[in-house]
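Everything on this sheet refers to the single structure shown next.
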Amino acid sequence: MVRYNPKEVEPKWRAAWDAAGVFKAEAGGDRPKYYMLEMFPYPSGSLHVGHARNYAMGDVVARFKRARGFNVLHPMGWDAFGLPAENAAAERGVDPAAWTWDNIAKMRDELKRLGLSLDWSKELATCDPAYYGRQQAWFLKLLERGLVYRKEGLVNWDPVDMTVLANEQVIDGRGWRSGALVERRKLTQWFLRITQYAEALLDGLQTLDRWPDKVRLMQENWIGKSQGLKLTFEIVGGEPVAGLQVYTTRPDTLFGASFLAVAPDHPLAEAMAAADPAVADFIAQVRRGGTSEAEIETAEKLGWNTGLKAYHPFDKQRELPIWIANFVLMDYGVGAIFGCPAHDQRDLDFARKYGLAVLPVVLPPGGDPALFHVKQEAYVGAGRIFNSSFLDGLEIEAAKSAAVARAEAEGIGQGATVYRLRDWGVARQRGWGCPIPIIHCQACGVTPAPTEQLPIVLPSGLDFSKPGNPLARHPTWKHTTCPTCGGPAERETDTLDTFVDSSWYFARFPNPNSEDAIDKAAADYWLPVDQYIGGVEHAVLHLLYARFVTRALADEGMLSVKEPFAGLFTQGMVTHETYRRASGEWLEPGAVEVRNDGGQRHGVAIDTGEPILIGEAEKMSKSKRNVVAPADIADVYGVDAARLFVLSDSPPDRDVQWTSAGVEGAWRLINRIWAEFDEPGVADGQQEDAAATLALRRGAHRAAKAVTETIEGFRFNSAVARLYEFVAILRTSRTAACAPEARAEALSILARLVAPFAPHLAEEGWRRLGNGGMVALEPWPTWDAGLVEDEMRVLPVQINGKRRGEVRAPAGAASHDVEALVYANEEIATRLEGLTVRKFIVVTDRIVNVVAD
RNA sequence: GCCGCCGUAGCUCAGUGGUAGAGCGCAUCCUUGGUAAGGCUGAGGUCCGGAGUUCAAUCCUCCGCGGCGGCACCA
């Protein structure tokens with residue numbers, strides 16, 4: 001008996017894989033390609049078991065596919081720009097580049113320790129000028145094509161940090177870092193014209209049949225396509241403009257209109273504000289309103305009656321007042337609406353507040369036109385149009401078409417498709433990001449940086465100690481000459497959103513050293529990514545941006561695929577209990593001893609012995625100190641145990657709760673597996689037992705089939721459960737007199753089935769069995785269908801739906817044969833005495849039900 | 001408010017239109033030369049509640065209850 005010692009075994013095999021270059025990917029050859037990718041990490045400097053779970057899943061698939069004969073690309077890189085480095089710089093005065101590269105080195109070591117089958121020769125980091133310089137190159141190409149533009153828009157501005165914040169960085173109306181009240185400020189910003197691809201991105205979802213429905217649905221909702229009518233209302237008196245255009249998805253309710261409303265930042269509102277301080281005050285008041293979701297939700301409807309009126313387009317006798325309203329959004333549709341209070345809740349709330357008319361025009365089925373009134377709830381259901389001139393009597397859909405057709409015929413409007421999706425604001429006032437390759441010249445204006453100047457590299461020695469953009473206040477960096485006129489000019493000091501960095505890295509991986517941003521030949525071979533794995537938190541932003549950039553680059557001729565990720569899997573989080581002292585101080589798991597007294601768990605602080613409150617399992621976070629690092633586990637049990645556990649306890653798309661007991665369970669499994677490899681012998685001096693041999697072979701072949709199918713179905717937890725069963729069978733077989741060949745065959749299958757999950761253990765076991773080479777290079781086991789299927793079946797027998805016994809029947813036995821067996825069964829026959837059999841149901845190979853009374 | 005997911009043993013969670021499961025925990029016993037342990041055996045369930053479909057429902061359908069997540073004034 002040799003004890004399994006992961007501390008020696010694991011490093012040894014990692015070195016062996018490395019030396020043999022087992023995981024190095026080369027484009028080409030006869031094997032089909034398989035591109036396995038996990039979302040690359042931010043190099044925070046420390047790996048936690050959540051990372052380990054993500055990468056372990058990808059590694060199972062990568063190793064499995066390799067064994068199944070695929071040419072596998074499985075690369076790793078670093079999403080290395082972003083705020084944490086700036087925070088470190090601000091707090092500790094370190095250089096963000098040095099800090100980041102140092103973290104990368106640490107995390108690379110930790111990742112390598114997980115025994116992942118990665119091709120490290122493909123490594124890249126987004127903060128490397130070799131990477132972001134190429135990003136600048138394609139950014140300029142998109143600029144030429146009109147996909148990049150500048151526009152003035154309202155943004156979330158943090159007055160303390162002096163930067164633009166993304167919506168998700170605004171919490172309860174305050175900057176997430178500074179805590180300052182966020183202002184809505186007008187700024188000129190860089191945008192990527194993702195809306196040009198709205199339809200393509202929506203259509204493309206149809207082709208992504210290996211994506212979770214949930215993610216496709218979220219993207220569909222995010223793109224938010226709607227069909228409607230853009231319609232121009234003629235303004236009474238023709239001042240200050242002749243007409244006002246609105247957008248509606250309910251042209252059928254036009255005759256129910258009782259007012260028009262424009263957004264506070266609509267040009268009409270702004271024009272009036274310029275002329276009237278009271279209007280300006282109103283707009284300022286509305287803008288001050290909070291930006292948090294809760295505030296928006298509860299915000300009261302506010303309006304300003306401009307005094308202007310417009311003619312109803314289909315009834316010139318009617319004049320509708322024009323309001324400025326806080327609930328109308330400038331960046332959706334055309335920033336102006338008509339209000340139909342009877343059939344829209346927002347319009348109704350507004351109308352009730354300001355005493356505007358409520359005119360019902362949709363009659364619910366069975367409703368009486370004379371009696372139907374709308375009170376506090378708008379009617380948005382189906383029905384027939386009434387009170388509506390030429391639309392009367394039509395169903396809603398027919399009325400929409402009729403109204404659009406009439407508006408088009410009269411030349412006052414046209415059918416329109418509108419998307420909720422907004423263009424992507426990509427400029428950030430940050431110093432640790434990809435510089436936007438633009439030069440501002442007093443004389444020539446906004447000029448692209450010449451390609452030969454790329455990469456435009458970040459300077460060293462930036463000052464992060466003060467809020468605001470360190471690039472903008474760097475003494476020399478921004479000063480340059482205009483490429484057009486040669487005069488003095490300034491570089492753009494905004495940097496790109498880090499989502500830009502991560503929107504094309506998968507296309508760079510096939511050849512990360514290419515002179516071009518993308519090595520077309522290599523990308524054409526490897527793309528699309530066959531299986532992408534990452535957190536569901538990226539369901540919309542990252543995945544939508546990546547899809548957009550892929551299409552934009554494809555239209556540029558740089559790529560051939562339209563969709564970057566053919567298969568997507570979103571994995572759940574790893575959670576952990578939280579521990580805190582009575583004082584409220586959080587404690588890390590290592591500082592607490594959890595005791596178990598008669599099933600009652602309670603925690604004790606190791607340092608003081610005081611009782612500790614055990615809290616619910618939550619997402620691992622630094623603030624609650626419930627983070628577990630794979631390194632801690634590796635020191636005690638080895639990384640294979642950690643890998644097995646994070647894969648075993650819960651389906652991959654669900655959260656898994658990390659517990660020390662669970663890891664110990666995985667560690668025991670490892671030892672049980674090792675015990676099988678270590679004692680392959682058969683009980684001596686016994687006669688070979690044919691039945692036991694068959695049972696062992698069946699178990700092995702069934703395990704091979706089941707593990708294969710569960711990996712393919714992304715049910716890694718079930719796959720591990722099948723390994724548990726298989727090991728139990730092997731254990732039984734040790735004391736039975738199985739044929740030595742059967743035992744050897746079973747152990748060979750075991751090593752190969754274990755390899756994707758616990759690769760180090762599998763290699764050591766493979767060697768212990770007397771094999772040469774590496775299990776990482778072995779083909780996946782196959783199985784004999786004849787051994788997987790049992791020729792005899794146990795059929796439960798029910799009487800009136802309750803299980804009353806069972807019979808053994810040959811597989812596929814016919815109904816009448818089974819019936820005979822059932823009546824021949826003494827126990828069942830007794831129960832049927834005195835009953836009249838009404839029905840006899842046989843489900844072949846599954847069950848029998850006798851209906852009797 | 002809209003959309004989605006979840007509810008099964010003490011805990012964490014699998015699973016299936018047809019015999020209710022695993023790990024951990026708990027109990028009993030064995031081993032003490034696999035010992036920073038190992039093994040045998042066992043107890044433990046209203047499969048959230050109600051109705052429906054079915055020969056048969058934990059599973060399918062509908063209505064509730066509870067928890068979680070996403071979106072949210074998108075005209």
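In the text below, chain A, chain B and the rest are named by the order of the sequence lines, each starting its count at 1. These numbers come from a predicted model, not from an experiment.
- For rC73(B), the base has a donor-acceptor partner in the side chain of Lys301(A) [N/O atoms by modelled type, under 3.5 angstrom].
- For Arg668(A) and rA37(B), the shortest distance from a side-chain N or O to OP1 or OP2 is not below 4.0 Å.
- Comparing Ala721(A) and Val536(A) against RNA chain B, the residue whose closest nucleotide sits nearer the 5' end is Ala721(A).
- With Lys230(A) contributing its side chain and Gln245(A) its backbone, the two residues share no donor-acceptor pair below 3.5 Å.
- For rG18(B) and rU58(B), the C1' atoms lie 12 Å apart once the distance is rounded to whole Å.
- Comparing the P positions of rU46(B) and rG64(B) gives an interatomic distance of 26 Å, to the nearest angstrom.
- Looking at residues two or more places apart in sequence or on another chain, you find a ring-ring contact (aromatic ring centres under 6.0 Å, His included) between Phe716(A) and Phe714(A).
- Using atom P as the reference point in both rU28(B) and rU8(B), the two lie 29 Å apart (nearest Å).
- Nucleotides rU53(B) and rG15(B) are separated by 29 Å at their P atoms, to the nearest Å.
- Rounded to a whole angstrom, the distance from the P atom of rC48(B) to that of rC71(B) is 29 Å.
- Atom CD of Gln245(A) is separated from atom C1' of rA75(B) by 14 Å (rounded to the nearest Å).
- Of all nucleotides listed (rG39(B), rC55(B), rA75(B)), rG39(B) comes nearest to the side chain of Arg731(A).
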So which protein N/O to nucleotides 12-16 of chain B N/O distances come out below 3.5 Å?
residue : atom : partner   : partner atom : Å
rC13(B) : O2'  : Asp649(A) : O            : 3.0
rA14(B) : OP1  : Arg654(A) : NH1          : 2.8
rA14(B) : OP2  : Arg654(A) : NH1          : 3.4
rA14(B) : OP2  : Arg654(A) : NH2          : 3.4

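- Distance, Asp213(A) CG to rC3(B) P: 17 Å, rounded to whole Å.
- Taking atom C1' on both nucleotides, rG66(B) is separated from rC55(B) by 34 Å, rounded to a whole Å.
- A centroid separation of 6.0 Å or more is found between the aromatic rings of Phe338(A) and Phe259(A).
- The aromatic rings of His343(A) and Tyr379(A) sit perpendicular to each other, their planes meeting at more than 60°, with 30° as the lower class boundary.
- Under the Watson-Crick or G-U wobble criterion, with both distances below 3.5 Å, rU58(B) has no partner in any strand shown.
- Looking at heavy-atom distances under 4.0 Å, Ser226(A) makes contact with sugar-phosphate atoms alone, never a base.
- Close to rG39(B), at under 4.0 Å from its OP1 or OP2, lies a side-chain N or O of Arg672(A).
- Across all non-hydrogen atoms, the minimal contact from Pro251(A) to Leu229(A) is CB-CD2, 3.8 Å.
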